[in-house]
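Here the structure comes first, spelled out in structure tokens, and everything after it is commentary.
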Amino acid sequence: MNRTSCSATGLVCFLSDKLERRVPGGKEPASARGTFKAQSEQGKSLTGWRLRVLALACSAVVLALAFHFGMTFLYVAPWNPAYEKSASVVEGYMNPYFGQNWELFAPDPIDYDARVLVRAKVKDASGWERHTGWLDVTGPERELTRGSLFPGRLARVVGGARQMVTDADVPPSAASLPEEEEETEAETEEEPPDPVFQDQAVRHIRAVATLAARAEWGDGVTEIQLRVSDHMFPRFEDGDRDGAGTKTYSDFDWWPAVAMSADAVRMWKESHR
Amino acid sequence: MSTGNEPLLPAPGRLLGLAGARLAATVERVSGIRYGVYGLAVLRVGYGLVLLALLLTGYTDRRLIWGPESAWTPDLFKESLAEDGTFSLFAISDSGVWFEVLFHVFLLVVVLFILGWRTRWITPVLAVLVWSWHQRQPWVLDGGDNLMQLVLFYLIFADLSARWSLDDRRRVRRAAARAAKASAEPAPAKRDRSLGEAENAVPGVAPGLPAFEGGLRWRLATIGHNAALVATLLQVSIVYFNAGLLKVQGEMWQQGTALYYTLRTDEFAPFPRLSRLIWENDLAVASGSYFAVFIQLAFPLLMLNRITRRLGLVAVTSMHLGIGVLMGLGSFSLIMVFSDLLFVRSGTYRRVGAFAQAVWHRTRTRTRLSATPSLPKPAKHRTLTGS
């Protein structure tokens, strides 16, 4: 080993000299800034045990990279048999810190506009309760993005909560369900909704709706109702791009307003004019 | 390796020696040079500026988005943390004071990261802060935030302040001071950047270099640096490839109509009339849709070759420019562009840097000259040169 390492050391000195001139970083003249390149000529070059330690480190790093990105690929790729076989290992390794999702407008882009509307039951000082009309909660949020290339994240608060309701498949109130609800057979193939996630989605959008309602109608708001209205754009292949498209909506149950601080309501009011 | 003068079938010992030499050369290559230091400096400044912009555009509404007044209530936030089995510094206390302290510390850390001050320590702190901040309101994030988070984890192991940073300036000054002391010559009062780097070289065996330079610790750190760089490049490639792979499965992308739907949404329309100009144009819709799918799917392959890499980078950058302007996804687009810029070689950055320096000096000299009364220049000219 001694002979090997001796000749190796010699060669490394020689090679690293050559490398410095050949590799992209090597064009830089040795200087006071050259701290990013080893100064082999100082005699600090690789000796036997150092070389072995470094070689071991290199191999460990290569293996780690291969493992990590193999896992990453399986995790983000469209459904495939390799993932199916090792799903629990992949999920266990990737979540939560390497969690990622690159379904950016894929497999199909968003082809509708979703808007959130809220109405409320409001009690005045004398105890009289009235029902309000529908309030467009999405409109003011969209206004925040108009003409802006870098809108603040406040502009995603309502949209995010609405997305969660859609993702969680929160059921609309029975009264608002359209008549043609005979599709239950076909839908059983989909994943069953997660009740915990549904509950959180409802609490999230209730908080948003309460803020918007109180900002509009004051502290007397006792109950709120949510309407999500979807505007499906005219299909491209139908040729009539100026057509109205299809509008549908779903109403959710009346929910009690959430306890949100007066500060929160004031802030909401100030930032959604 | 073989030079042609060697025997056709070398003796086993020789073979071993050759393998050892090849190994040593490889180890030298990955442990002796820190690659991509310019691209990483650009990424550091770029990511930092995007974070700063996100924090500042949300500054007045910070409590409503991420604070105790958030609709993603402290209860929901903590439940979700527990489910995911993770942490967030924002969960330490529900009090407004804690939130304000943490938010402003975050702002400060972002600024220090941009400046490149003690970056070895600041980077992990920033990665933890960004993670904590993302957890606080996960429903306002997008793919750009996701990518930045992953890359920040990888880059904890990288040397992000090797160039264009306060760390670098400190290093250069110290080395120059030490060199001056060693050669017993008066140190230059100020490092003249116009001279370029060669003139600042310390003659001989660079006595200004730190003692551990080229030592085992430095080399191990270098392996970590290069691994982090490779990890980032692989991550970006995976993002594009999979985003493309998922798109080719969609009917609208196959038909080349996806852009029509995307640009019609009210949600991503900072300039609805501009968007309309495009979605009403059949050629623009089809070519834009196919272009997006093609460039994403092909990205990793395009990066392998010198010429296609340039084409690919120009193409994705223009795609992100389009996304940024037409869809108002500024932070997403900028994060993607700064990640892509890591694929640009150091040589290119050095040339750009030298060019910028030359322009800067010419401007400064001209300004100085124009400021002296003996050489009057029209006032208009002076403002143009940015004095």
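All values below come from the heavy atoms of this structure, side chains included, with hydrogens, waters and symmetry mates left out.
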Under 3.5 Å, is there a donor-acceptor pair between the side chain of [X] and the main chain of [Y]?
| X | Y | answer |
| --- | --- | --- |
| B:Lys247 | A:Pro109 | no |
| A:Asp108 | B:Glu251 | yes |
| B:Tyr261 | A:Phe236 | yes |

So for [X], is it side chain, backbone, both, or neither that comes closer than 4.5 Å to the heavy atoms of chain A?
| X | result |
| --- | --- |
| B:Ser70 | backbone |
| B:Phe241 | side chain |
| B:Trp279 | both |
| B:Gln235 | both |
| B:Leu150 | side chain |

For this session: Inspect the contact between A:Arg203 and B:Glu79 and indicate whether a charged nitrogen and a carboxylate oxygen are less than 4.0 angstrom apart.
Result: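 Salt bridge: yes.
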Problem set entry | Electrostatic pair A:Arg115:B:Asp266 at N-O distance under 4.0 angstrom |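 Result for this pair is yes, salt bridge flagged.
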For this session: Could you tell me which of A:Val258, A:Val208, A:Leu65, A:Thr145 has the largest number of non-hydrogen atom pairs under 4.5 Å with chain B?
Result: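 Option with the greatest count: A:Leu65.
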Exercise. Using a cut-off of under 4.5 Å for heavy-atom pairs, which of A:Ala114, A:Ala57, A:Ala64, A:Gly152 has the most such pairs with chain B?
Worked result: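 The answer is A:Gly152.
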Testing the basics here: between [X] and [Y], what is the closest heavy-atom pair and its distance to 0.1 Å?
| X | Y | value |
| --- | --- | --- |
| B:Leu64 | A:Ala264 | CD1-O, 3.7 Å |
| A:Leu211 | B:Glu69 | CD1-O, 4.5 Å |
| A:Leu104 | B:Gly143 | CD2-CA, 4.2 Å |

For this session: Indicate whether the side chain of B:Ser331 and that of A:Arg153 have a donor and an acceptor atom separated by less than 3.5 Å.
Result: yes
Exercise. Are B:Gln149 and A:Gln100 linked by a side-chain donor-acceptor pair shorter than 3.5 Å?
Worked result: no
Exercise. What are the residues of residues 265-273 of chain A, in order of number, with any heavy atom under 4.5 angstrom from a heavy atom of chain B?
Worked result: A:Met267, A:Trp268, A:Ser271
For this session: Hey, can you tell me if A:Phe98 and B:Phe153 have their rings parallel, tilted or perpendicular (30° and 60° cut-offs)?
Result: perpendicular
Assert yes or no for the condition that the ring centre distance of [X] to [Y] is strictly below 6.0 Å.
| X | Y | answer |
| --- | --- | --- |
| A:His68 | B:Tyr154 | yes |
| B:Phe332 | A:Phe150 | no |
| A:Tyr97 | B:Trp131 | yes |

Exercise. Does the side chain of B:Asp75 come within less than 4.5 Å of A:Gln200's, by heavy atoms?
Worked result: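 Not touching, per the 4.5 Å side-chain cut-off.
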Exercise. In this structure, are over 12 heavy atoms from other groups packed under 6.0 Å from B:Phe157 atom CZ?
Worked result: no
Exercise. Is it the side chain or the backbone of A:Asp113 that comes within 4.5 Å of chain B heavy atoms, both, or neither?
Worked result: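 Only the side chain of A:Asp113 comes within 4.5 Å of chain B.
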Exercise. What part of A:Ser148 lies closer than 4.5 angstrom to a heavy atom of chain B: side chain, backbone, both or neither?
Worked result: backbone
Problem set entry | Worked verdict on A:Trp49 versus B:Leu216 for side chain to side chain contact (heavy atoms under 4.5 Å, CB included) | CA-CA 10 Å; A:Trp49 71 272; B:Leu216 192 65; 3.8 Å; yes
Exercise. When you look at B:Trp72 and A:Val157, which way does the side chain to side chain contact (heavy atoms under 4.5 Å, CB included) test go after all the steps?
Worked result: CA-CA 9 Å; B:Trp72 189 244; A:Val157 167; over 6 Å; no
For this session: Please lay out, stage by stage, how B:Asp142 and A:Arg156 fare under the test salt bridge (Lys or Arg N to Asp or Glu O under 4.0 Å).
Result: CA-CA 10 Å; B:Asp142 61 33; A:Arg156 293 193 187 169; 2.8 Å; yes
